[in-house]
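All values reported here derive from a predicted model rather than from experimental measurement. Residue numbering restarts at 1 for every chain, and letters A, B, ... go by the order of the sequence lines.
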2 protein chains.
Amino acid sequence: MDTAYAYSVLMSIKHGLLALLAPGPKYGYQLKAEFEAATGSAWPLNIGQVYSTLQRLEKGGQIEADGVPDDDGRVVYALTPSGRAELADWFGSPIAQESRPRDELAIKLAMAVSTPGVEAREVVQAQRSQAMSSLQSLTRLKVTVPEEDLARVMVIDSLIFAVEAEVSWLDRCEARLRKARTTQTPEKEAVQ
Amino acid sequence: MDTAYAYSVLMSIKHGLLALLAPGPKYGYQLKAEFEAATGSAWPLNIGQVYSTLQRLEKGGQIEADGVPDDDGRVVYALTPSGRAELADWFGSPIAQESRPRDELAIKLAMAVSTPGVEAREVVQAQRSQAMSSLQSLTRLKVTVPEEDLARVMVIDSLIFAVEAEVSWLDRCEARLRKARTTQTPEKEAVQ
DNA sequence: CGACACATGTAACACGTTACATGATTTG
DNA sequence: CAAATCATGTAACGTGTTACATGTGTCG
């Protein structure tokens, strides 16, 4: 293999489509619909992206067009053994911590505290109020989806948990910043 | 602008480098070192990527090479007004919820529950034990960095908070799955 | 000398994203 | 008929990632 990325390889869509193809062959529009039925309101999926991804999956030998277009011009794709293997591997092994994208917010705050002229606490507060408002829309959204729809509920929960964690983290940062200012530079704030 | 992405635009490195250039001109290796000094052990930065990104920033008019290579072949880059403006905008506005990458784990679990033949609870448990072990390494790592090093402490905290939230979420998913199995299909598990 | 760190750079690729073109079918 | 929806596809770009080439300086 030449494609051995050490971390930060995003393949959510690819794997998601593979999973949707597991029960049986499907076509593009159907995949978009089913993908959004589960992860839906959270992460809409541009239809163009479905076809791009299908193309790349076919090129990679993980899926193949099921013969000719079906009854009415719809092109149906099916998993190949290779694709089925990759899917099994995806489900079978946990997602590595190192394979996750860099957290832009963490980087931003790290940079904010070490960049002169930037008030890190303002950054924290702006982010916090934004997080609180998304928390509200998420809880509003959650009551609209029935408990039985496991996939959707779980996805929304994951967003809620992530935002809540972000708020807690921001609060801790606030505390750290407050403490650092009062202990380190007691009267430096008077300057300028 | 032609580049108006609606969501999922990753620009952590770009903005990170811009921030590092704010105090004054710097060269590639130095930027790598300083970037890792803050976000360090969490997200190492390939040196090649620094040069790629610098090149793209220069092409985009956000930075420019400071005349000739300095005393010893080192090429120093500085912010342009445009770059400074973009940086101010980055610090000044919160990171949008929609601009975050899709959570692969959430998608995976959503797919797991709707894919026949896949035991979602096994996926949950595998992920959970992996999360617990990364939580351990993170807490081990945290004690090695001094409290005064705000940036690094905050970055590690952000990882810890994220993993803790993941564990809580996984536990909730476990509960939901257990409940769904006992209420929905009481004896279906006997089949096959 | 040989190994290693410092330093710059390029080429190639994978993935995500959108804009655009094209047609068939349905429906007010 | 016109508009909306269904359906497929392509071209282009931005960002992240790595592998590789190249050279300098230092130190055992």
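The stretch residues 85-96 of chain A has no heavy atom under 4.0 angstrom from DNA chain C at all.
Residues that satisfy the side-chain hydrogen bond (donor to acceptor under 3.5 Å, both in side chains) test with A/R172, not counting sequence neighbours, are absent from this structure. Not counting sequence neighbours, the partners of A/K26 by the side-chain hydrogen bond (donor to acceptor under 3.5 Å, both in side chains) test are A/E34. Listed by chain and residue number, A/E174 satisfy the side-chain hydrogen bond (donor to acceptor under 3.5 Å, both in side chains) test with A/R121 (two or more places apart in sequence, or in another chain).
For B/L10, the listed nucleotide lying nearest its side chain is D/dG16; candidates were D/dA7, C/dG9, D/dG16. Checking C/dC15, C/dG9, D/dA7 against every side-chain atom of A/K14, the shortest atom distance belongs to C/dC15. Counting only heavy atoms from C-beta on, A/I13 has its side chain closest to C/dT17 among D/dT8, C/dG9, C/dT17. You'll find that the side chain of B/M11 is closest to D/dT15, out of D/dT17, D/dT8, D/dT15. Taking the side chain of A/Y51 as heavy atoms from C-beta on, and the options D/dT8, C/dG16, C/dT8, the nearest nucleotide is D/dT8.
As a whole-Å value, the separation of A/R102 CZ from C/dC15 C1' is 15 Å. Between B/K32 atom NZ and C/dA7 atom C1' the separation is 12 Å, expressed in whole Å. Counting to the nearest Å, the C1' atom of D/dT15 and the CD atom of A/E104 are 12 Å from each other. To the nearest angstrom, C1' of C/dG16 lies 16 Å from CG of B/D103. Atom pair B/N46:CG and D/dA19:P shows a separation of 8 Å (rounding to whole Å applied). Atom pair B/L54:CG and C/dT10:P shows a separation of 12 Å (rounding to whole Å applied). Regarding A/W43, its CH2 atom lies at a distance of 17 Å from the C1' atom of C/dC15, rounded to whole Å. Look at CD on A/Q30: it is 20 Å from P on D/dT5, rounded to the nearest Å.
Between C/dA7 and B/Y27, a contact under 4.0 Å exists linking OP1 or OP2 to a side-chain N or O. B/Q55 has a side-chain polar atom (N or O) that falls below the 4.0 Å cut-off from OP1 or OP2 of C/dT10. Distances shown here put every side-chain N or O of B/Q49 at or beyond 4.0 Å from the OP1 or OP2 atom of D/dT18. Distances shorter than 4.0 Å separate none of the side-chain N or O atoms of B/R74 from OP1 or OP2 on D/dG25. For D/dG9, the OP1/OP2 oxygens have no side-chain nitrogen or oxygen of A/R56 closer than 4.0 Å.
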Would you give me the side-chain donor-acceptor pairs under 3.5 Å for residues 87-96 of chain B, sequence neighbours excluded?
| unit_1 | atom_1 | unit_2 | atom_2 | d |
| --- | --- | --- | --- | --- |
| B/W90 | NE1 | A/E104 | OE2 | 2.9 |
| B/W90 | NE1 | B/H15 | ND1 | 3.4 |
| B/S93 | OG | B/D89 | O | 2.7 |

Listed pairs under 3.5 Å, donor-acceptor, residues 154-162 of chain A side chains, sequence neighbours left out:
| unit_1 | atom_1 | unit_2 | atom_2 | d |
| --- | --- | --- | --- | --- |
| A/D157 | OD1 | A/K142 | NZ | 2.9 |
| A/D157 | OD2 | B/R176 | NE | 3.2 |
| A/D157 | OD2 | B/R176 | NH2 | 2.9 |
| A/S158 | OG | A/V155 | O | 2.8 |

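Taking 4.0 Å as the cut-off between side-chain N and carboxylate O, B/E166 and A/R100 count as a salt-bridged pair. Salt bridge A/D103/A/K108: absent, no basic N to carboxylate O contact under 4.0 Å.
With B/V123 as reference, B/V118 is the one residue of B/V113, B/L177, B/V118 to meet the side-chain contact (heavy atoms from CB on, under 4.5 Å) rule.
Residue contacts shown for A/I47 include a base, since a base heavy atom lies under 4.0 Å away. A/S52 comes within contact range of at least one nucleobase, with a heavy-atom separation under 4.0 Å.
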